Enquirer: 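For reference, the structure I am asking about is given below.
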Amino acid sequence: MHETKDKARGKQNFMLLTEFPYPSGDLHIGHWFSFAVPDILARYYRMKGKNVMYPMGFDAFGLPAENAAIKRNTDPRSWTEGNIKFMTKQLESMGASFDWSRRISTIDPEYYKWTQWLFLKMYEKGLAYRGEALVNWCPNDKTVLANEQVVDNCCERCGTRIEERKLTQWMIKITDYADSLIDDLEGLDWPENTKLAQKNWVGRSEGTSIKFSIFNFQFSNNSSISNKQKKESTGHIEVFTTRVDTIFGVTYLVVAPEHPIIQNQQSRIKNYEEVKKYVEGTRHKTELQRISEASKEKTGVELKGIKAINPANGEELPVWVADYVLASYGTGAVMAVPAHDERDYEFAKKYGLPIRQVVCPNYPKPICPVLDKAYAGEGHLVGSDKFDGMKSQEARDAITKWLEEKGLGKRKKIYRLRDWVISRQRYWGVPIPVIYCRKCGESEKLKVKNEKLRKNYIIKEGVEYKIIPVSESDLPIKLPKLDDFRPAEDGRSPLAKASKWVKVKCPNCGGKAERETDTMDTFVDSSWYYFRYTDPRNKKKFADPKKIKSWLPVPLYIGGAEHNTMHLLYSRFFSKFIADIGFADFKEPFIVRRNHGLIFGPDGFKMSKSRGNVIDPDELVRNFGADVVRMYLAFMTDYLQDGPWDPKGINGVKRFLERVYSLSLKIKNQSANRRTKIKIEGKNSKLEVLMHKTIKKVGEDLESLKFNTAVSALMILLNEMEKENELPVTSYSLLVTLLTPFAPHMAEEIWRSILGKKTSIHGEKWPKFDPKKLSGGTFKLIVQIGGKMRDSFEVEAGTAEEEVKVLTLKRENVRKWIGDKRVEKIIYVPNRIINIVLR
RNA sequence: GCCGGUGUGGCGAAAUGGCAGACGCACACGACUCAAAAUCGUGUGGGAGAAAUCCCGUGUCGGUUCAAGUCCGACCACCGGCACCA
């Protein structure tokens with residue numbers, strides 16, 4: 001029933017997307033929360049007349065398979081495939097309306113063929129390239145470790161302290177899209193915190209880059225620089241700042257230990273030995289260690305013999321090296337303004353460097369407060385020559401312009417976002433579809449002088465190879481079977497050991513060539529899977545653009561908040577790229593995003609085996625049935641919020657469904673007509689009004705993902721129906737129809753065996769309510785006196801305001817409260833409340 | 001440190017600025033039963049009262065309003081993300 005056609009006449013396509021799971025081997029209650037609850041929505045929208053696709057797949061590459069395979073002496077593929085089989089069975093037990101015909105799996109060569117194809121497209125467009133990146137290296141095991149395998153800076157397996165090593169890796173230039181990854185967030189209906197996390201991750205800062213020229217100490221005798229001395233300057237240091245308004249407060253420069261200036265100026269640095277020792281001392285620490293140690297106490301060494309010139313006032317500045325400056329951010333050098341930056345302040349205090357205030361927080365007063373710590377806020381400029389008195393913001397513009405005119409500064413945006421390293425020295429991933437040819441590399445060596453083309457060549461062990469992307473017709477490059485899939489000792493991928501697989505013939509020259517042996521980060525696989533759902537069996541394209549157009553962008557993507565940054569960012573990037581190569585016409589893949597909460601254990605803690613607070617869904621299904629489990633998950637808490645599992649609470653839903661079943665005993669003239677249309681009988685009776693209200697409420701609640709109050713509305717309806725002695729079969733049918741998305745099995749069972757229908761309830765339409773019947777003839781008016789509830793009575797709907805007031809003032813109860821006080825005014829909110837304000 | 005989020009009965013939680021605690025769990029009492037379970041019924045925020053009813057109550061303090069859980073300001077606690085990002 002749930003095989004979704006690409007087109008259904010008169011129906012709008014709707015892909016309800018949930019994050020496809022990693023096949024870890026066992027479905028936990030969190031999976032149920034993620035898939036069974038949105039299934040309620042899928043079924044509801046289907047009944048509302050949408051062509052709903054509710055797809056499912058497996059994100060099946062990744063490290064755990066390798067670990068499990070080693071432990072169980074099997075291979076990653078059979079372990080993973082076994083898990084997929086088992087989990088598929090479990091997923092089927094939810095009664096979710098997945099379209100299994102569209103099932104995808106990232107380890108399927110028919111899927112990863114297109115992962116490789118997309119990689120090649122990125123290579124073609126210059127977005128995939130080789131560059132140096134740091135990896136975690138265990139010196140004991142002599143192997144590369146994934147971030148997950150590093151625990152407290154130590155190797156997970158042997159406990160050795162890890163090092164960082166620079167390896168040449170495949171990278172993707174996600175930074176090319178940095179601006180649109182921020183700017184296109186606007187207009188998306190996403191949780192605010194998710195948007196913010198994306199923004200912070202990209203981390204755009206707008207500021208100014210400034211060149212400070214440097215020169216030799218012996219040329220300078222005083223603080224103003226002569227023309228002669230300028231000519232003899234020996235280079236420059238470029239810094240980036242967002243606070244160029246503080247440039248007159250610069251008292252020194254700081255460069256990161258990796259900064260090239262230290263090598264370039266080696267001969268001029270008088271205390272080079274000391275500097276070298278300091279730099280080497282920081283080298284063997286990983287960046288993480290440096291950050292945690294250096295934030296406790298900053299250290300640094302002055303580069304003696306070198307001075308820099310402040311382009312704003314010509315002043316001579318000392319230059320320091322310190323590891324509180326990161327080589328990987330900005331230019332790896334900063335202008336230090338101790339008066340207005342906490343870090344610089346701390347450093348200046350420690351090493352006795354001058355602190356000069358140039359921003360005054362309370363300017364109109366002639367005296368600025370004496371600083372006992374850095375003032376990083378905005379204010380008015382002082383001690384800044386012709387910029388004195390300007391506000392910080394104005395000054396930033398003016399000073400940048402001034403520096404630009406002098407050719408010493410430039411407006412600049414920089415980003416926290418780094419290019420994405422996708423190489424993994426791992427077995428269980430998608431092979432990177434590239435080969436390296438030595439012969440082509442050598443023969444073309446002399447011809448290719450153009451720097452731009454040089455990026456297509458690599459040098460390995462002193463020999464030049466040409467990078468040759470695998471041709472599309474040779475895809476997929478299948479992952480070979482391996483007996484030993486542990487990483488090689490030299491840090492290469494396990495695939496390097498598969499020599500038969502590695503050796504290939506070069507398609508260009510016919511000579512000996514080698515395959516790339518790294519595999520891809522699994523985030524690559526999952527960055528485009530929703531495209532494949534639109535056309536999962538296409539052999540010619542990763543998806544037909546027409547089908548993409550008919551299903552995407554995704555109208556609603558429900559998932560966990562743990563994907564706030566990486567997965568969503570990479571997916572957005574991929575879909576922007578796919579649009580750029582002409583396969584899609586949208587910028588953003590997910591129009592609406594909602595993060596569901598987490599289910600905690602009964603003890604209120606995150607579920608974990610070690611805590612022993614894990615809830616097994618299979619057992620619950622055996623005891624209660626799938627309908628009870630899914631409906632309880634919908635009912636127990638706000639779907640977008642975390643909530644603890646209450647083992648007793650589930651009884652409430654169980655009772656509810658049993659009572660729905662028993663209620664059938666009250667059906668008037670039991671011979672239910674199979675052609676009976678669902679309609680609501682009764683003449684504006686209380687129950688009739690409630691039925692209309694419930695249709696409205698359940699629908700609205702589902703559309704805003706308030707599953708818990710939708711269930712409670714159904715409970716209220718049942719409670720009222722139970723008060724009747726007899727129930728028209730149509731009313732009972734209505735209840736069952738409204739119940740269908742929540743309890744699909746039981747609704748169908750009742751529909752066929754009690755109501756005698758021959759067609760499925762899952763083909764029924766969602767009932768419509770009559771807006772005119774949402775209230776009975778009267779409403780309960782709340783009477784407040786001085787804002788406190790004192791009385792209430794029934795009033796005919798539509799009674800004029802004046803008359804309501806008269807009726808209210810006639811009430812004995814009300815008169816008693818008023819007593820001899822004067823009525824100052826009366827506020828009447830139609831159909832709700834009347835408030836009498838006394839003097 | 002910065003940025004988000006959340007604070008409501010014994011518990012899970014509801015409340016377009018308009019009756020705080022819907023719905024459910026648990027509990028208590030009652031009916032059914034020899035009895036228990038299940039089921040059904042009644043009650044269930046705190047305090048006072050025989051009762052009608054009244055007073056207090058949504059993390060704390062203050063403000064806006066006829067009316068505040070909801071809006072504004074300051075603070076406290078917990079959870080999550082980012083973090084020498086210049």
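Computed over heavy atoms, backbone and side chain alike; hydrogens, waters and symmetry mates excluded. Computed from a prediction, not measured in an experiment: that's the story for all the values here. Just so it is clear: chains get the letters A, B, ... in the order the sequence lines come, proteins before strands, and each one is counted from 1.
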Enquirer: So does Asn708(A) get a side-chain nitrogen or oxygen closer than 4.0 Å to the phosphate oxygens (OP1/OP2) of rA14(B)?
Expert: yes
Enquirer: Need the glycosidic conformation of rG63(B): syn if within 90° of 0, anti if not. Which one?
Expert: anti
Enquirer: List in numerical order all residues of residues 641-648 of chain A for which some heavy atom is under 4.0 Å away from an atom belonging to RNA chain B.
Expert: Gln641(A), Asp642(A), Pro644(A), Asp646(A), Lys648(A)
Enquirer: May I ask you to evaluate whether Lys606(A) reaches the phosphate of rG80(B), defined as a side-chain N or O under 4.0 Å from OP1 or OP2?
Expert: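 So the side-chain polar atoms of Lys606(A) never come under 4.0 Å of the phosphate oxygens OP1 or OP2 of rG80(B).
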Enquirer: Specify the residues of residues 789-798 of chain A, ordered by number, for which at least one heavy atom lies under 4.0 angstrom from an atom of RNA chain B.
Expert: Met789(A), Arg790(A)
Enquirer: Give a yes or no on whether the ring-centroid distance for Phe347(A) and Tyr252(A) is below 6.0 angstrom.
Expert: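 Ring-ring flag for Phe347(A)/Tyr252(A): true, centres closer than 6.0 Å.
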Enquirer: Centroid-to-centroid, Phe523(A) to Trp420(A), below 6.0 Å?
Expert: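 For Phe523(A) and Trp420(A), the ring centres are not under 6.0 Å apart.
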Enquirer: Name the stems that RNA chain B belongs to, where each is three or more consecutive Watson-Crick or G-U pairs with both distances under 3.5 Å?
Expert: B:1-7 with B:76-82, B:10-12 with B:23-25, B:27-31 with B:39-43, B:45-48 with B:53-56, B:59-63 with B:71-75
Enquirer: Give the ring-plane orientation class for Tyr557(A) versus Phe590(A), where under 30° counts as parallel, over 60° as perpendicular and anything between as tilted.
Expert: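 Answer is tilted, since the angle falls between 30° and 60°.
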Enquirer: Taking OP1 and OP2 of rA67(B), is either one under 4.0 Å from a side-chain nitrogen or oxygen of Arg832(A)?
Expert: no
Enquirer: Counting only side-chain nitrogens and oxygens, does Lys298(A) get under 4.0 Å of the OP1 or OP2 atom of rA86(B)?
Expert: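 Checking rA86(B) against Lys298(A), no side-chain N or O comes under 4.0 Å of OP1 or OP2.
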Enquirer: Taking only N and O in the side chain of Arg655(A), is any of them less than 4.0 Å away from OP1 or OP2 of rU39(B)?
Expert: yes
